[in-house]
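Following: one structure in structure tokens, then a few remarks.
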Amino acid sequence: MLVVMQSGATPEEIEAVCDAIRAMGFQPVAMPGAQRTAVGLVGNDRRVDGTHIGAMAGVAEVIPVSSPYKQVSREWRAENTIVRLATGVAFGSGDVPVIAGPCSVETEAQIIASAHAVRDAGAVALRGGAFKPRSSPYSFQGLGLQGLKLLARAREETGLAIVTEAMDEEGANLVAEYADCIQLGARNMQNFSLLKVVGRLGKPVLLKRGMSATIQELLLAAEYVLAEGNPNVILCERGVRGFDPATRNIFDLSAIPLVHKLSHLPIIADPSHGVGLREHVPAMARGAIASGADGLIIEVHPTPDRALSDGAQSLYPDQFSRLMQELGAIASAIGRTMAQPVASAAA
Ligand code: PEP
Ligand code: MN
């Protein structure tokens, strides 16, 4: 339930509404807006009758929030949420930021070369996993803390924001120390205790859609983070598991306009895991921008043939550079612009 206050509502009237919500056993969340304040009621409000609140002084209307997710829904908040990373990169503002880099951090030389290559091509953030969720326990698991330190070095050198995955609570605390955005991977989308941990950490979160998750499940996963007080969630469509091994996943572009309708949170697209084949990544990236994605995350490796993970879907730096040029043209055709690299002292 959402209580929309009149534009001239006094702080006392807003507080009285908050008290009434508390008296009903729920937690009020006041959201001051440009025009007027709204007060949300957090909790399972399916059987709540808000008629008496509708009659209180200063209240304009009481809107029932019909979706099972509350705080992530468009009903709860009409304007787009803009998620800003510490470096100034913004998701959801209308500009299109691109996060790029290798699947995994492998060596200092590899991550520094990747950072320079993607930055020169126009990316505004560097990706690279230090903790890797691999299907096999015998595959490369990532460099862990050492990988995070190398990412921090790459940021020092290029000014790029750092986006990297956390797989558990301990990892999330470490990632929060070193990175600008904590990625939660497809395999962890419904790791509810991890969602609560990153909700409490407050750092921006990149939440990838689970490989067989519905849109509703994705939004409910995001709700866990918001319910802990962290509104900085960027959703990510990365393809869902299909029946056809011809591609790694089915890249569900319909998720982009659908999520925009259902939620105020930004949603970016990951065409690399979406299709899983290097030669088709550019087409899927172009399609994602055309469908309104609030950004992209793309795997790029200086020597993909020698990559320790996901080499077959990683772009060569020159391929990525060409793609970035094409994306600019598509973005401008739909009234958007590619986010510009942020100025950095060490650039
Ligand atoms: C990744 O980004 O390298 C990754 C493991 O992604 P996902 O969780 O989408 O499979
Ligand atoms: Mn990968």
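One-based numbering along the sequence shown. Both counts, for ligands and for their atoms, begin at 1 and track the order of listing. Only this structure's heavy atoms are used, side chains among them; waters, hydrogens and symmetry mates stay out.
- Residue-ligand proximity, G185 to ligand 1, at heavy-atom distances under 4.0 Å covers atoms 8 (O).
- Of the charged side-chain nitrogens involved, at least one lies within less than 4.0 Å of a carboxylate oxygen, so that D294 and R336 count as a salt-bridged pair.
- Taking a 4.0 Å cut-off on heavy atoms, C103 registers as neighbouring ligand 1.
- In terms of polar-atom proximity, K132 is counted as a contact of ligand 1, with an N or O under 3.5 Å from an N or O of the ligand.
- Listed by number with element, the atoms of ligand 1 under 4.0 angstrom from any heavy atom of R238 are 7 (P), 9 (O), 10 (O).
- The closest protein non-hydrogen atom to atom 4 (C) of ligand 1 is H273 NE2, 3.4 Å.
- Around the CD atom of E170, the shell of radius 6.0 Å holds no more than 12 heavy atoms that belong to other residues, nucleotides or ligands.
- Under 4.0 Å is where a charged nitrogen must lie from a carboxylate oxygen, and between E15 and R22 at least one such pair does.
- No side-chain donor from either of S193 and E169 sits under 3.5 Å from a side-chain acceptor of the other.
- When heavy-atom distances to ligand 1 are checked against a 4.0 Å cut-off, E299 comes that close only through its side chain, counted from C-beta outward.
- Around the CZ atom of R84, the shell of radius 6.0 Å holds no more than 12 heavy atoms that belong to other residues, nucleotides or ligands.
- The distance from ligand 1 to the heavy atoms of Q183 drops below 4.0 Å at these ligand atoms: 1 (C), 2 (O).
- Nearest N/O/S atom of D310 relative to the Mn ion (ligand 2): this is OD2.
- The pair E228-R200 counts as a salt bridge, with a side-chain nitrogen and a carboxylate oxygen less than 4.0 angstrom apart.
- Between R153 and E157 there is a salt bridge, since at least one side-chain N of the basic residue sits less than 4.0 Å from a carboxylate O of the acidic one.
- When you scan the N, O or S atoms of H273 for the one nearest the Mn ion (ligand 2), you land on NE2.
- Residue contacts with ligand 1 do not include M211, since none of its heavy atoms lies under 4.0 Å from the ligand.
- Comparing E165, R127, R187 against atom 3 (O) of ligand 1, the shortest heavy-atom distance belongs to R127.
- For the residue pair E79 / H264, no side-chain donor-acceptor distance below 3.5 Å is found, with atom types taken as modelled.
- Protein heavy atom at the shortest distance from atom 6 (O) of ligand 1 is K208 NZ, 3.0 Å.
- Remark: of the listed residues R209, Q190, E237, R209 is the sole one forming a side chain to side chain contact (heavy atoms under 4.5 Å, CB included) with L218.
- Rounded to 10°, the angle that OE2 of E299 and SG of C103 form at the Mn ion (ligand 2) is 100°.
- Of the protein's non-hydrogen atoms, A186 N, 2.7 Å is the one closest to atom 8 (O) of ligand 1.
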